[in-house]
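Worksheet: one structure, shown below.
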Amino acid sequence: MSSHDAKKPYPEVPPQARFPEIEKRVLEFWKAEKIFAESVAGRPESNEYVFYDGPPFANGLPHYGHLLTGYVKDIVPRYQTLRGRRVERRFGWDCHGLPAEMEAEKKLEISGRAKIMDYGIDRFNDTCRTSVQKYTQEWENYVTRQARWVDFENDYKTMDVSYMESVMWAFKELHRKGLIYEGYRVMPYSWAAETPLSNFETRLDDSYREKQDPAITVRFELEATADDPHPLGVWVWTTTPWTLPSNLALAVGPEIEYAIYRADGQRFVIGAAAAEKYQKEIGDAERVGTLQGQALVGRSYRPLFPFFADNPKSFVVLGADFVNTEEGTGIVHLAPGFGEDDMSVCNAAEIPVVCPVDDGGKFTEPVSTYVGQHVFDANKPIIRELKERSVLIRHETYLHNYPHCWRTGTPLIYKAMSSWFVRVTDFRERMVELNQQIRWVPEHIRDGLFGNWLEGARDWSISRNRFWGAPIPVWRSDNPEYPRIDVYGSIEELEADFGVRLDNLHRPYIDELVRPNPDDPSGKSQMRRVSDVLDCWFESGSMPFAQVHYPFENREWFENHFPADFITEYLAQTRGWFYTLMVLSTALFDRPPFLNCVCHGVVLDETGQKLSKRLQNYPSPEEMFETYGADALRWFLVASPILRGNDLQIDREGHGIREVVRLVLNPIWNAYSFFCLYANSENIRATFRTDSPHVLDRYILSKVGDLVQAVEDRMEVYDLPGVCTEITAFVDALNNWYIRRSRDRFWRHDEAEETQNAYDTLYTALVTLLKVSSPFLPLIGEEIYRGLTDERSVHLCEWPDAKELPRDQDLVTTMDRVRDVCSTGLAVRREHDVRVRQPLRKLTVAGANLDGLKPFLELILDEVNVKEVELSLDIERYAAFKLQVNARELGKKLGGKMQDVIRASKSGEWRQLDDGTVELAGITLEPGEYELLVDAKEGIACRALGTNDAIVILDLELDQGLEQEGRARDLIRVIQQARKEADLHVSDRIHLVLALPAEWKQAAEAYRETIAEQTLALQLELSGDVAGNNRFVHQAKLGNDSVEVGLSKAT
RNA sequence: GGGCCUAUAGCUCAGUUGGUUAGAGCGCGCGCCUGAUAAGCGCGAGGUCGGUAGUUCGAGUCUACCUAGGCCCA
């Protein structure tokens, strides 16, 4: 861009900016000049900061959650870039898995595994590939518009062959380490998606939802024994009636007490503690005995359904520790095909598992009565059948939290399946150890949410019985008589055995690799790939190495870019990406995968509900971009508690975002526009300088230094909201103190050097503010920075050095004191109902440590509207002293006497000695161990400073001159109001006629010139017809008096 | 039932290693404009920090229990 020559003016900056328009211009500039690429390339490769971008599912559009994550993912790298580090930002796309398959099923209008096979896996997968590419452009648009710098050109996709080969390598590596096994396990199963889910997929988002289920109590009949020759029923409670046809055993708690009841010659058993709940059903049955659960263990019973009557070792009562009487009857039915506990107990009893439910959740043979019915639909007829057979004791409904499929929203079932597992339990202690090396924000995640999760980690089911994913690279003999398993870790290994070099590792192509089983002398059996694909979370967890095709390429790169310095996602990824990164990183490399992790919360609507397209309970991001801009949205999100792990509520109209414009963007813009307006009108160019001797300049430069340091400190611990707090505090000091109090310095023509100092300092403060805040306001910051300087981009800058700024802590303290004096003076005015327009004769500050105020008396005078400011040591005239002991110091020394000291200091029972010590409660306090505070006396117009070591006294007595001046100012204000109401331009000249009571008229006469000058009146008449000559008439009350203003525009 | 988080002004949130009188923004009340900014500025009112018990000379801060809400799990 063009550079300013010495006389070139600053931009003409409108006082009101249209931020969205500015933003679009800046975005175009970045694009045209490739600023992002330059910001990366300009930093040395030897000083890298490693950032991993978590791959989003590439389907569906970004929402506020993504935008927030994106802002954080942008701010930290921008900051590190300013600090001189090279931060590469490759964008990643998570392409595989159920989301894409569901989309494809919807598009092709087919559903279920069988239909997909019929349609053809190759065509189906092609559709998946297309569907994940559908949204990439829109993602890119959003990400670009939010001013997030990302390398899209050099992105990675989990479906790339190189990525998939690295995943294959990881699988083989785990297998080599003995960390992979195939098992038959009961797993959460989505019958709608026709696939098992991993234990953490059931824990994402709102997968636990309320579900109403039947809860029934049924009666089983125990077989008679020699010891107990009479029929004995047991009452069993279940919320899954559909599992009863597959019942193979019952379980009791061996230590639990059970009660026996008798009625009509029949006996039944129920947990003693559960009897109360069943009073109605027990009726007037008589309790005839008690027994321990142990006594029931080993007894046989009659199967409720006939389907598996011949199953070996089945239909016996087993003992199990997990049984309790809190819910149900204390007797549990076991269907090992459909419950994890059920299976482990039945396994121990060597009962073979049965699982008569197909992939779609429908009954199969031999459950002939219900074949083809979905298990949930079968609940009702099963209950009906049980009722007809009179074994149903009770039928009720039960509302509980039940896991649902995170993709299809349908309730899951638990079902026994064969699956491949990562033996996470083998190395979870190591994960817990490595986790200690990670800085989590908020801190408690480390040993709380994430740490606890690691400690309870279970083996990870990584196979999915699906189509669109990285295939499990395991080939198995199709004849169990000649068992053999081959695991492959690269395309080359496949080529070596199968003689084919694949350039697409997806199904069905990889399934076509078949070869004779080398271990089969008959040569008939074949090695075939197991049909499953990998859980897509395995792939996202592989991102650190798979994105660069490690270990096939980039070995050195990977060594230098692992672990990451920083990642961020929302809180729930402790069960998702953060976790799978940790698992694979520990198992493969024995290192933590990242060193700093920010967990942010969830964006909710104003009532705390989740954002929902259907409810339209949130403002659309595009609309926010258009109305307030991306920087306002960025600040709104990032300054909020959401980055401390809490939730953030966003209102439908986006008021919070508008507030950011008001409170953050406008003030910064106004400072900029002030600077440009007057620098141009004075024909001044400013330079970066930190050596102005003026006290206000040194004050603000010191504040700038504090700001730089504070932002560094906050960023060091990834406290982004804290940075926002620092910046707003600084902007307030800059605008509402420094500029306001320095105003006349900017147009003093008599002292060129002094004026230049003021401009240079303001320039230096602004430029530094912009550098420091540029990660948080990248677009607006860029516009202003480029307007002020000759440089191309604020994002190519070096971070300012706090040490180069004059850091005068005393001055900052003194200035705070000056502000305190002014505030207190204004507060005294208010207390006594004296308007600021009324000049007062004198303001006195009485107290200690006042010398520092001397250079600021003019300033105080102006700010509080007094004629004179006096500093006085004579405090006792206006205030009493009270003693404040330095508790922090003395507490350690005095211990138990401390309270006596405090009591004495409060009641005033102390005295100061000439040597500077204070005596009270039998103790002597050295100087430094106490402070003397002032307590303003009653009946005087005074008030103590916030620091309590001085008081401000106002002389409220008015003489005629002061009163008249006050009245004159009141009149000016009324006239200005009239001008405004008459809709005059600020530069319009007027003719004025005033109709005033006597006292006001005197004041007006005395200050006639001032009034005329201030209100641009060419003529001022103090008597006459106010309304004459078509004058605009304005009436006002001043105290109890009425005044009338008549004005007309002078031509 | 267990784990984690949260509870501070009407609302949204800060609050450093325990220290006497707990802060900010919004909202509210009052006041201030014509040499940047009314989409602005100043001043003020308003909380005893969810409850109880404890540790301590001293607790918003530490401990235990309880209550309410959120998240996660059983």
Side-chain angles (χ1 to χ4, degrees), chain A residues 13 15-17 199 202-204 206 208 322 324 326-327 401 403 442 444-445 447-453 455-456 571-572 574-575 601-602 604 606 608 639-641 644-649 655-656 658-659 661-663 665-667 669-678 681 721-722 725 728-729 732 735-736 739-740 743-744 746-747 822-831 833-837 863-865 882-892 894-903 905-906 933 944 946 948 969 972-973 976-977 979-980 984-987 1014-1016:
Chain A
V13 179
Q16 296 298 331
N199 51 346
T202 66
R203 278 144 215 188
L204 277 177
D206 55 349
Y208 272 82
F322 65 82
N324 63 54
E326 274 159 23
E327 280 176 333
N401 271 327
H444 59 74
I445 303 288
D447 297 318
L449 205 59
F450 195 64
N452 288 338
W453 177 252
E455 279 172 25
L571 208 67
T574 44
R575 274 87 213 270
V602 181
L604 303 172
E606 57 218 310
S640 79
R644 296 188 161 128
N646 296 316
D647 293 339
L648 172 67
Q649 303 194 347
H655 288 312
R658 195 181 64 200
E659 287 296 284
V661 175
R662 256 188 64 210
L663 298 172
L665 295 182
N666 278 342
W669 187 263
N670 287 329
Y672 171 53
S673 118
F674 175 90
F675 175 88
C676 293
L677 180 60
Y678 293 106
S681 71
T725 308
T728 39
D732 183 65
N735 272 1
N736 297 329
I739 295 183
R740 191 154 59 87
R743 239 182 321 211
D744 53 357
F746 291 101
W747 46 78
C822 294
S823 290
T824 307
L826 292 169
V828 174
R829 276 182 169 274
R830 190 195 126 70
E831 227 166 286
D833 264 336
V834 184
R835 62 201 192 280
V836 184
R837 274 194 304 274
E863 185 76 9
V864 191
N865 193 19
K882 51 187 178 176
L883 180 73
Q884 178 172 278
V885 296
N886 184 342
R888 196 180 288 226
E889 285 305 311
L890 275 178
K892 288 171 202 147
L894 295 182
K897 295 284 284 176
M898 192 63 200
Q899 288 315 297
D900 296 340
V901 169
I902 287 175
R903 214 169 295 124
S905 74
K906 282 188 172 163
L933 303 185
N948 274 303
R969 288 191 55 169
I972 290 169
R973 169 160 154 55
Q976 300 291 22
Q977 189 62 33
R979 286 184 58 110
K980 196 170 187 179
L984 297 186
H985 187 263
V986 288
S987 60
Q1014 295 279 317
T1015 61
L1016 305 185

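The analysis underlying the following values was restricted to heavy atoms, covering all of them including side chains, and did not include hydrogens, waters or symmetry mates. By convention in this document, chain letters (A, B, ...) are assigned in the order of the sequence lines, proteins followed by strands, and residues within each chain are numbered from 1.
Counting to the nearest Å, the C1' atom of C26(B) and the CG atom of Leu648(A) are 15 Å from each other. A straight line from CG of Asp833(A) to C1' of G31(B) spans 10 Å, rounded to a whole angstrom. Atom CD of Gln884(A) and atom P of U21(B) are 9 Å apart (whole Å). As rounded to whole Å, 16 Å separates atom C1' of C41(B) from atom CG of Asn865(A). Per the geometry, CD1 belonging to Ile972(A) stands 12 Å off P belonging to G35(B), to the nearest Å. Atom pair Asn948(A):CG and A22(B):P shows a separation of 11 Å (rounding to whole Å applied). Rounding to whole angstrom units, CZ of residue Arg888(A) and P of A59(B) are separated by 15 Å. In this structure, Glu659(A) atom CD and C11(B) atom P are separated by 17 Å, rounded to whole Å.
Between G25(B), U37(B), C32(B), one nucleotide has an atom nearer to the side chain of Leu663(A) than all others, and that is G25(B). In this structure, of C26(B), C41(B), G44(B), it is G44(B) that holds the atom nearest to the side chain of Arg830(A). Among the nucleotides U21(B), G31(B), C4(B), the one closest to any side-chain atom of Asn452(A) is C4(B). Among the nucleotides U21(B), A39(B), G44(B), the one closest to any side-chain atom of Arg662(A) is A39(B). Distance from the side chain of Arg973(A) is smallest for C33(B) among the nucleotides A36(B), C33(B), A39(B). Set against A36(B), C4(B), G25(B), the side chain of Leu677(A) has A36(B) as its closest nucleotide. Taking every side-chain heavy atom of Lys882(A) into account, U21(B) is the closest of A39(B), G35(B), U21(B). Between A14(B), A36(B), C72(B), one nucleotide has an atom nearer to the side chain of Arg644(A) than all others, and that is A14(B). Out of U37(B), A14(B), A36(B), the shortest distance to the side chain of Gln16(A) is found at U37(B). Minimum atom distance to the side chain of Ala827(A) is reached by C43(B), of the listed A14(B), C43(B), G35(B).
Taking CG of Leu933(A) as the reference point, atom CG of Leu883(A) lies at 8.0 Å (rounded to 0.5 Å). If you take NZ on Lys980(A) and CD on Gln976(A), they are separated by 10.0 Å, rounding to the nearest 0.5 Å. The structure places CG of Asn865(A) at 9.5 Å from CG of Leu826(A), a figure rounded to the nearest 0.5 Å. With values rounded to the nearest 0.5 angstrom, Asn670(A) atom CG is found 6.5 Å from Gln16(A) atom CD. One distance of note links CG of Leu1016(A) with CZ of Arg979(A); it measures 4.5 Å at 0.5 Å rounding. With rounding to the nearest 0.5 angstrom, the CZ atom of Arg658(A) is 10.5 Å from the CG atom of Leu663(A).
Figure legend. A68(B) is base-paired to U6(B); pairs are counted as Watson-Crick or G-U wobble with both atom distances under 3.5 Å. Pairing partner, C41(B): G31(B), with both Watson-Crick or wobble hydrogen-bond distances short of 3.5 Å. Applying the Watson-Crick and G-U wobble criteria (two distances, each under 3.5 Å), G46(B) pairs with nothing in any strand. Look at U56(B): it lacks any Watson-Crick or wobble partner with both distances under 3.5 angstrom. Under the Watson-Crick and G-U wobble criteria, each requiring two contacts below 3.5 Å, nucleotide C13(B) is paired to G23(B).
Across A22(B) and A59(B), the matching P atoms stand 14 Å from one another, rounded to whole Å. For the P atoms, the distance from G23(B) to G46(B) is 14 Å, rounded to whole Å. Across the C1' atoms, A36(B) and A24(B) are found 26 Å apart, a figure rounded to whole Å. Between G3(B) and G40(B), the two C1' atoms lie 50 Å apart (nearest whole Å). When the P atom is used for both G54(B) and C41(B), the distance is 49 Å, rounded to whole Å. The separation of U52(B) from A68(B), taken at their C1' atoms, amounts to 15 Å, rounded to a whole angstrom. When the P atom is used for both A7(B) and U63(B), the distance is 14 Å, rounded to whole Å. The P atoms of U34(B) and G29(B) are separated by 24 Å, rounded to the nearest whole Å.
Comparing Glu863(A) and Asn646(A), the nucleotide of RNA chain B nearest to each residue sits closer to the 5' end for Asn646(A). Of the residues near RNA chain B, Asp732(A) and Pro641(A), the one whose nearest nucleotide (by heavy atom distance) lies more toward the 5' end is Pro641(A).
In this structure, Trp747(A) and Tyr678(A) have tilted ring planes: the angle between them lies in the 30° to 60° band.
Note on Gln1014(A): nothing from the nucleic acid sits closer than 4.0 angstrom, heavy atoms only. Ile902(A) comes within 4.0 angstrom of a base, heavy atoms only. Within the 4.0 angstrom heavy-atom criterion, no nucleotide atom of any strand lies near Ile445(A). Residue-level contact check: Asn735(A) touches the bases, meaning some heavy atom is under 4.0 Å from a base atom. Nucleic acid contact for Arg829(A): none, since no nucleic acid atom lies under 4.0 Å from a heavy atom of the residue. At a threshold of 4.0 angstrom between heavy atoms, the contacts of Ser823(A) are confined to the sugar-phosphate backbone, with no base atom among them. Within the nucleic acid shown, Asn886(A) comes within 4.0 Å of at least one base atom, counting heavy atoms only.
Centroid-to-centroid, the aromatic rings of Tyr672(A) and Trp669(A) come within less than 6.0 Å.
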- Mind running side-chain contact (heavy atoms from CB on, under 4.5 Å) on Val864(A) and Val828(A) for me, showing each step along the way? CA-CA 10 Å; Val864(A) 191; Val828(A) 174; over 6 Å; no

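Phosphate contact (OP1/OP2 of G31(B), side-chain N/O of Arg837(A), threshold under 4.0 Å): absent. Distances shown here put a side-chain N or O of Asn736(A) below 4.0 Å from the OP1 or OP2 atom of C41(B). Between Arg979(A) and the phosphate of U34(B), there is no side-chain N or O to OP1/OP2 separation shorter than 4.0 Å.
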